[in-house]
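All values derive from a computational prediction rather than experimental measurement. Per chain, numbering begins at 1; letters A, B, ... match sequence-line order.
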Amino acid sequence: MTENTQQSPTPAGAEPSNSAHADLPTQYVPAEVEEKLYERWVERGYFEADAKSDKPPYTIVIPPPNVTGSLHLGHAFEHTLIDALTRRKRMQGHETLWQPGMDHAGIATQNVVERELAKEGKSRHDLGREAFVERVWQWKSESGGQISGQMRRLGDGVAWSRERFTMDEGLSRAVQTIFKRLYDDELIYRAERIINWCPRCLTAISDIEVEYADQDGELVSIRYGAGPEDPDSIVVATTRAETMLGDTAVAVHPDDERYAHLVGTEIELPLTGRRIPVVADEHVDPGFGTGAVKVTPAHDPNDFEIGRRHDLPSITVMDEHAIITAHGPFQGLDRLEARSAVVGALRAEGRIVAEKRPYVHSVGHCSRCKTTIEPRLSMQWWVKVGPLAQAAGAAVRDGRVAIHPKEMESRYFGWVDNLHDWCISRQLWWGHRIPIWYGPDGETVCVGPDEEPPAGEGWHQETDVLDTWFSSGLWPFSTLGWPERTESLEKFYPNSALVTGYDILFFWVARMMMFGLYAMDGTPPFSEIVLHGMVRDEHGKKMSKAFGNVVNPLDWMDRYGSDAVRFTLARGANPGVDVPIGEDWVQASRNFANKVWNATRFALMNGATVEGGLPAPEELSSTDRWILSRLNTVVAEVDAYYDDYQFAKLSDLLYHFAWDEVFDWYVELSKTTFAAGGGAARASARVLGEVLDTTLRLLHPVMPFVTETLWTTLTGGESVVIADWPSDSGFRDTAAEQEIATLQQVITEVRRFRADQGLQPGQRVPARLTLEGTGLAVHEAAIRSLLRLQPAGEDFRATASLPVAGAKVELDLSGAIDFAAERKRLAKDLAAAEKELAQTTAKLGNEGFLAKAPDHVVDGIRARREQAEADIARISAQLEALPQV
RNA sequence: GGGCGCAUAGCUCAGCGGUAGAGCGCUGCCCUUACAAGGCAGAUGUCGGCGGUUCGAACCCGUCUGCGCCCACCA
């Protein structure tokens, strides 16, 4: 962009000036303006939020991206929505905060840095904890900038001065504070349980970090007992044969008569020489398999519960790498090697009585590295979620928090109502270290943020860190300074809306609800939860590296501009539904941006202005009144869509209003007015200025860059970022709307005729217009211009007559006309109209319909019948007007 | 095993009780002095199948088929 965006506007009443558009090239080139505009916005502080402001607050926090990552189209999509919401609210006069920041993303980040180390042939253990963490910080400082750079490219209007990181000192303090409070309230505790263990990441993970997938396995049935001849042997089935090394019982249902005599006895566990008890437990389904279950308390969550009920020992047979530790021939084998080795050994003993393979069952995998999860008995820290989850459910049930789209509520309730305690400890080095200190005599002390850890011999801090979602759960208030009661916290908490993908409803949203309600004395963290879908490719397929359909948004932004990418994403954003996106569609959006650009250029060339008040309606042409009436309707509709988070609807509406109505009709109709000059031209120039000014402001939240360039050029205003959001003036002119609709009908019909006749679009045709009684007389010049009609000369000889909507257009086609084709076409139209007439007449003769249908429907049918009658008359007249061949 | 959702034009999707829509794609004509990244005109659908409710169903109910997603201690 050049300096002239800062020029003062065309003076009121001046002749159309060419100065403003002089430097606007004929095509919009995003790369030339976007970066400069963004830097200007930031320099001027438009995106900063003032806690002291007396404007009403509007707050949205960024779903913090992983520091090590880079933005993908999903982020671009999410940011487009958030940015659009906040930009609109800013224009509406709110003190707007779009809180930026990033997440330390515990496991994910640690994995990335470990991979880097692996390239150097090192492991984190070679560095040691301290050096490793230092290395991660270094990595963070290198890659964190990448994301903010991408956000700038996107045009994200975030308050950069407030950028936060979940491992910041302040946020760490928030973590420590809430941990301490939860601990003191006995909502955090330590317990030994079966947890989901990732043998690759070497840490516990929570239930929702496990992804289940159907997988082929082998179900083997094993005879426990003295041997095949033993009448009291019991057959059990398993897909994880290696765990039998840790079996400490066989369980049967208490009512199962087949096994009743064995309950309380002991049975031989093959391969081990051990004898294990047979217990009766309700959990066993007597109808499944043989009705008997092997029990491995140390390696299966169900078995753990059974073991607890029957006071069974737990025998751990695998280490943290899932290598067999049990003494014997299997020691040192990996779990899969052990599985086949155990089955082989059992088979050799004749103890395998049945095998079923493939046997499809659901297997859990680490969501971070896809390694098969190994249930493992271990000591971990837990959040007792009962009371927290109940409050989180209640806040939505009683309407304090709304979920959009509403269908997602059932998922939310299903989760918070059936939540198991949350395992929050991770055996990682990157993260918030749990503020617990253990004493020499087994004491446990939770250390608050301002407290000194216990000193002295034998005290040491817990080595585990917290689940990364523990800190992101505090994000809506930790970023505002909590636990301090800062001005920002007072001003911007609760947040207004929370915009994020439905995929992290449980991971993040539910946790924020729980922590927000708990930490902020029952005030939910936000009042609206807006869940968007996932970005997919143009065929609706998930984007993934494996499919090779991953798109780098920067690539598209480079080629088509940020506005095009944003507009495409917004236009696909139906609530809660996945959004497919393809390059063709981005091109279409780029074309739209270019269209807006050129329409504004045209307007400027014709003196469009925003100076002075709008002329009174009675001083305006019906064309002007029509577009102003439509404009205000659109303003109201866009507002309604925004309030309902209907981004696709509002984008589509603006696209069609701008392109179809303003550019293709209003601008075209106004060309003759501008050409004629005078008062009417000045009035239209003012109206066009008004329409563009408003349309650009309406478009700005979804297309910030092109609208900024054009709006400042058009209005001379400082920036559309801080312009007022348009409001519906209430002006409506249905008569003008009707008149223009008729005008459009006439023009379309004649154009159709011309096209059917093979007349070249630019070819001038002598014509006589009869417009009396149609109300269209004032539009004669425009009609002639749009239809390329010349005045009828002395030798005028009409060869085609088109009566349309009461108007009559006689064309002198000098014999070039294809009457047969036209007759055929009109006959087809006539048949359609007659069918319509028959249908509507039948309907109006239906007593049930008349009795039960609402008035407006009946009136609608009447109108259709009248229209059909009119069409028949019109087409008949056209047919008659055709010369007989 | 439980729950939710989706099947509408070639593709991707709106519409969710009263004449079947959009974008892209497609066909024809045009560089009509803002824009060919454009203009004008046009073609295209037994709204997944079968029943039912209704004066009227793409829309409501039932059912079948095919997909997708979420949840679950599927030994």
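- For the pair Glu374(A) and Arg335(A), the salt-bridge criterion is met [side-chain N within less than 4.0 Å of a carboxylate O].
- Residue-to-nucleotide contacts include a donor-acceptor pair under 3.5 Å from the side chain of Lys595(A) to the base of C35(B).
- Side-chain nitrogen and oxygen atoms of Lys541(A) include none within less than 4.0 Å of the OP1 or OP2 phosphate oxygen of G68(B).
- For a distance-only test at 3.5 Å, the side chain of Ser410(A) fails to qualify as a donor-acceptor partner of the base of C4(B).
- Residues Trp659(A) and Tyr655(A) place their aromatic rings such that the two centres sit under 6.0 Å apart.
- Among the atoms of the strands shown, none is found under 4.0 Å from any heavy atom of Val295(A).
- Within residues 829-847 of chain A, the residues approached by RNA chain B to less than 4.0 Å at the level of any non-hydrogen atom are Glu836(A), Lys843(A), Asn846(A), in residue-number order.
- Around atom CZ of Arg258(A), more than 12 heavy atoms belonging to other residues, nucleotides or ligands sit under 6.0 Å away.
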Report the secondary structure of RNA chain B in dot-bracket form, marking unpaired bases with a dot and bases paired to a different strand with |, and treating Watson-Crick or G-U pairs with both distances under 3.5 Å as paired.
((((((((.[[[[.)..(..]]]].(((((.......))))).....[[[[[..)....]]]]])))))))....

Between Asp300(A) and Arg240(A), is the salt bridge (Lys or Arg N to Asp or Glu O under 4.0 Å) condition met? List the steps.
CA-CA 10 Å; Asp300(A) 184 278; Arg240(A) 296 194 296 151; 3.5 Å; yes

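- Every residue two or more places apart in sequence or in another chain was checked for a salt bridge (charged side-chain N to carboxylate O under 4.0 Å, His left out) with Arg751(A), and none qualifies.
- Scanning residues 581-591 of chain A for heavy-atom distances under 4.0 Å to RNA chain B yields Asp584(A), Trp585(A), Ala588(A), Arg590(A), Asn591(A).
- Both Pro30(A) and Trp665(A) lie near RNA chain B, and the one whose nearest nucleotide falls closer to the 5' end is Pro30(A).
- Taking the six-membered ring where the residue is Trp, the centroids of His365(A) and Tyr212(A) are separated by 6.0 Å or more.
- Looking at Gln757(A), its side chain has no donor and acceptor atom pair within 3.5 Å of the base of A41(B).
- The stretch residues 242-249 of chain A has no heavy atom under 4.0 Å from RNA chain B, so no residue of it qualifies as close.
- Checking the phosphate oxygens (OP1, OP2) of C40(B), no side-chain nitrogen or oxygen of Thr748(A) falls inside 4.0 Å.
- Among the atoms of the strands shown, only primed sugar atoms or phosphate atoms (P, OP1, OP2) are found under 4.0 Å from some heavy atom of Pro580(A).
- For Asp652(A) (side chain) and Ala648(A) (main-chain N/O), no donor-acceptor pair under 3.5 Å exists by modelled atom type.
- Rounded to a whole Å, the OH atom of Tyr28(A) is 13 Å from the C1' atom of A37(B).
- Both the sub-6.0 Å distance and the 45° axial angle are satisfied by Arg411(A) relative to the ring of Tyr502(A).
- Tyr655(A) has its OH atom 15 Å from the C1' atom of C13(B), to the nearest Å.
- As judged by a 4.0 angstrom heavy-atom cut-off over every strand, His656(A) is placed among residues touching the sugar-phosphate backbone only.
- Residues of residues 565-578 of chain A that place a heavy atom closer than 4.0 Å to RNA chain B, in numerical order, are Arg571(A), Asn574(A), Val577(A).
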